[in-house]
Amino acid sequence: MSTLRIVLGDQLTRSLSSLRDYEPGDTVLMMEVLEEASYVRHHKQKLTLVFSAMRHFAEDLRRDGMSVDYVTLDDPANTGSFTTELERAAARLAPSRIVVTEPGEYRVRQMMDTWGAEIRNDDRFFATPASFAAWAGARKQLRMEFFYRDMRRLSGLLMDGDEPEGGQWNFDQDNRKALPKDVLPPKRQRFEPDAITRGVMTMVAERFGGHFGDLEPFGWAVTRTDALEALSHFITACLPNFGDYQDAMRQGNAFLFHSILSPYLNIGLLTPREICDAAEAAWRSGDAPLNAVEGFIRQILGWREYVRGLYWLKMPGYAETNALAAHRALPGFYWTGKTEMNCLAQSIGDTMRHAYAHHIQRLMVTGNFALLAGLDPKEVQQWYLLVYADAYEWVELPNTHGMALFADGGIMASKPYAASGAYINRMSNYCAGCAYRPDVKLGPKACPFNYLYWDFLMRNEQALKTNPRMAMPYRTLAKMDEAKKTEITAEARAFLDNL
Ligand code: FAD
Ligand code: DLZ
Ligand code: SF4
């Protein structure tokens with residue numbers, strides 16, 4: 001009996017469930033297909049990362065004696081989709097069965113269900129869609145914090161028996177510092193492209209030159225060996241400061257103390273378990289403080305698992321949510337970074353240069369603007385899905401519809417993450433280089449986030465006023481005189497109509 005084992009571009013893990021019981025005579029099928037490369041116009045670095053990592057992974061499997069049937073994108077016989085390529089491979093190889101690991105995206109799951117394959121769980125995650133659904137059960141609210149505590153107990157990470165290490169589950173109150181001028185984040189590693197990567201870069205430049213973002217310089221790791229080196233560099237050089245400056249932003253430094261590991265994690269070059277274990281070990285050996293290590297582990301064990309659970313629980317309806325009835329088109333500057341609002345110009349510029357921006361840039365700059373301006377969730381979601389090297393719908397969609405836009409009506413976040421210019425000014429040095437001033441509320445010099453914030457609250461009063469966590473801003477709004485409200489509305493209108 002010969003088995004055809006499929007490995008998708010975000011399944012590049014040797015312990016993958018579909019590879020586990022490989023036997024001589026079996027074949028591993030890997031397919032570069034146009035449909036995946038173009039269902040959104042992915043950043044050129046994301047395309048290069050995925051194709052190069054796939055090609056390197058295939059080499060590794062072959063080196064270990066496995067038989068790999070690899071279809072390249074420029075193969076003239078390539079039919080362009082997973083389903084038709086699988087049909088072609090099945091005709092070629094006549095396997096007696098097909099084995100595959102469940103995919104990350106609903107869209108691909110629908111295709112996969114037609115393949116007549118044995119679909120195995122993706123056990124690289126701590127939770128399964130089924131265990132998350134069981135946790136969600138009849139709960140009225142699906143708050144991440146409670147899910148995270150269960151995951152701590154289940155995984156044993158940062159536990160002292162049944163109690164959390166340090167006596168607290170969450171050290172977030174220590175993790176909101178602005179970055180002092182004299183704290184210099186370390187220089188980050190770049191991995192020089194080898195011949196395989198350079199070949200992919202040429203293909204991407206030729207075939208996808210019109211896609212978003214800069215192709216060069218390309219410095220992502222495309223092998224497990226290099227991804228492990230990136231992990232080790234993060235643990236020693238960045239993790240000790242990760243907690244303190246997790247929410248900080250600085251012009252000219254996209255990475256600060258963040259791990260930049262999500263692209264590797266999401267395609268399988270690293271596993272969540274090994275990253276969390278490495279972080280915990282750094283705390284146990286006294287090399288990183290608990291607030292940093294707990295904060296970091298919470299992102300992976302808590303948020304990452306939680307958004308995946310939510311995605312599978314709520315799809316396909318989740319992609320259609322638009323609780324605040326937001327319908328404004330995405331402004332052109334999201335594609336060019338050309339705007340006088342310096343925080344947006346910098347965050348979008350980082351995104352174009354690196355296919356990366358850190359969480360607070362995504363949430364509190366580009367996301368906050370999209371929320372306050374009432375941008376259409378579908379357009380915003382497409383943008384986030386294509387601009388980042390780590391973007392896959394299962395993780396991107398809940399973060400966009402749920403966390404950034406409140407489009408899901410509060411399933412994920414207990415209140416909208418809406419903020420005025422004061423927040424961005426406190427957490428960054430962007431405002432010093434801006435045409436606007438964060439302390440000015442109205443008039444030509446006013447930071448647009450200021451009047452957009454109040455206009456957002458007024459526009460969405462019906463939907464948000466009864467939310468207890470919004471009580472304070474609505475009390476302030478109630479005290480505002482009518483003339484000022486009218487002025488705010490007029491300036492917000494003029495600004496938005498001009499976008
Ligand atoms: P670090 O700050 O070093 O965090 C460590 C790890 O924790 C990350 O690598 C990631 O795996 C995980 N993590 C942190 N926050 C989250 C979160 N909110 N949800 C899920 N995992 C998290 N993350 C993606 O992996 N892919 C996406 O497409 C994506 N889209 C996002 C869109 C929006 C609007 C927002 C607000 C957030 C999005 N995130 C996404 C979450 C988060 O911003 C990124 O995971 C993080 O910026 C990746 O950089 P890092 O590896 O340096 O993260
Ligand atoms: C992102 C991506 C791209 C650009 N191309 C491919 C591809 O050609 N072949 C492949 O197997 N996977 C690719 N991927 C990753 C898939 O889009 C990903 O596996 C699905 O979205 C399921 O999560
Ligand atoms: Fe952004 Fe406003 Fe600061 Fe300018 S003043 S950088 S628009 S927050």
Side-chain angles (χ1 to χ4, degrees), residues 6-11 30-39 42 46-47 49-51 54 71 73 82 85 103-105 107-109 112 144 234 238-239 242 246 255-267 272 275 295-308 339-346 356-367 369-370 380-381 384-385 387-405 417 419-425 428 430-440 445-450:
I6 299 173
V7 174
L8 301 181
D10 57 354
Q11 299 182 336
M30 296 181 69
M31 312 161 264
E32 294 178 4
V33 293
L34 189 60
E35 188 170 88
E36 293 307 300
S38 56
Y39 75 93
H42 307 279
K46 177 182 178 186
L47 288 173
L49 170 67
V50 172
F51 291 141
M54 284 176 70
V71 185
L73 197 74
F82 283 148
E85 276 309 290
E105 301 194 348
R107 175 184 65 83
V108 179
R109 177 72 200 215
M112 205 177 259
M144 195 290 292
F234 165 70
C238 306
L239 179 62
F242 175 87
Q246 197 180 339
F255 308 121
L256 302 176
F257 295 98
H258 288 273
S259 69
I260 341 176
L261 294 177
S262 50
Y264 311 140
L265 197 47
N266 293 352
I267 59 174
I275 296 179
F296 179 70
I297 287 180
R298 177 159 23 91
Q299 305 311 312
I300 295 177
L301 180 64
W303 281 112
R304 186 169 186 269
E305 296 287 329
Y306 170 87
V307 299
R308 178 172 183 255
T339 160
E340 295 206 308
M341 298 175 76
N342 193 38
C343 52
L344 282 165
Q346 296 301 327
Y356 177 88
H358 71 65
H359 186 65
I360 297 302
Q361 292 176 301
R362 297 187 204 195
L363 181 63
M364 299 310 293
V365 181
T366 44
F369 185 85
V380 178
Q381 194 256 321
Y384 279 104
L385 187 57
V387 300
Y388 293 115
D390 60 22
Y392 292 88
E393 193 184 78
W394 66 265
V395 51
E396 177 273 337
L397 177 67
N399 271 297
T400 306
H401 274 230
M403 196 184 283
L405 300 181
Y417 282 89
S420 67
Y423 174 86
I424 295 171
N425 190 34
S428 78
Y430 293 144
C431 301
C434 187
Y436 301 106
R437 287 186 38 194
D439 54 339
V440 179
K445 281 281 151 199
C447 166
F449 279 105
N450 291 341

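This one's a predicted model, so the numbers in the text were calculated from it and none came from an experiment. Note that the numbering runs from 1 along the sequence shown for the chain. For ligands, and for the atoms within them, numbers begin at 1 and follow the listed sequence.
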Which residue and non-hydrogen atom of the protein lie closest to [atom], and at what distance in Å?
| atom | result |
| --- | --- |
| atom 19 (O) of ligand 2 | Asp10 OD1, 2.7 Å |
| atom 2 (Fe) of ligand 3 | Cys447 SG, 2.3 Å |
| atom 11 (O) of ligand 2 | Gly9 N, 2.9 Å |
| atom 4 (Fe) of ligand 3 | Cys434 SG, 2.3 Å |
| atom 5 (N) of ligand 2 | Glu36 CB, 3.4 Å |

For this session: Output yes if Cys343 passes the N/O/S-under-2.8 Å test against atom 1 (Fe) of ligand 3; output no otherwise.
Result: yes
Examine the proximity of ligand 1 to [X] and report which part, side chain or backbone, both or neither, has a heavy atom under 4.0 Å away.
| X | answer |
| --- | --- |
| Asp390 | both |
| Ala357 | backbone |
| Asn266 | side chain |
| Tyr388 | neither |
| Phe255 | neither |

Under 3.5 Å, N or O to N or O, is [X] touching ligand 1 that way?
| X | value |
| --- | --- |
| Tyr356 | yes |
| Leu261 | yes |
| Phe296 | no |

Exercise. Are Asn399 and Tyr384 side-chain neighbours, meaning at least one heavy-atom pair lies under 4.5 Å?
Worked result: no
Seminar exercise, completed: Within the 4.0 Å heavy-atom cut-off, what Pro438 brings close to ligand 3 is both
Exercise. Looking only at heavy atoms, is any part of Leu47 under 4.0 Å from ligand 2, and if so is it the side chain, the backbone, or both, or is it neither?
Worked result: side chain
For this session: Look at Cys431 and state whether any of its N, O or S atoms is less than 2.8 Å from atom 3 (Fe) of ligand 3.
Result: yes
For this session: Take every heavy atom of Phe242, measure it against each atom of ligand 1, and state whether any distance is under 4.0 Å.
Result: yes
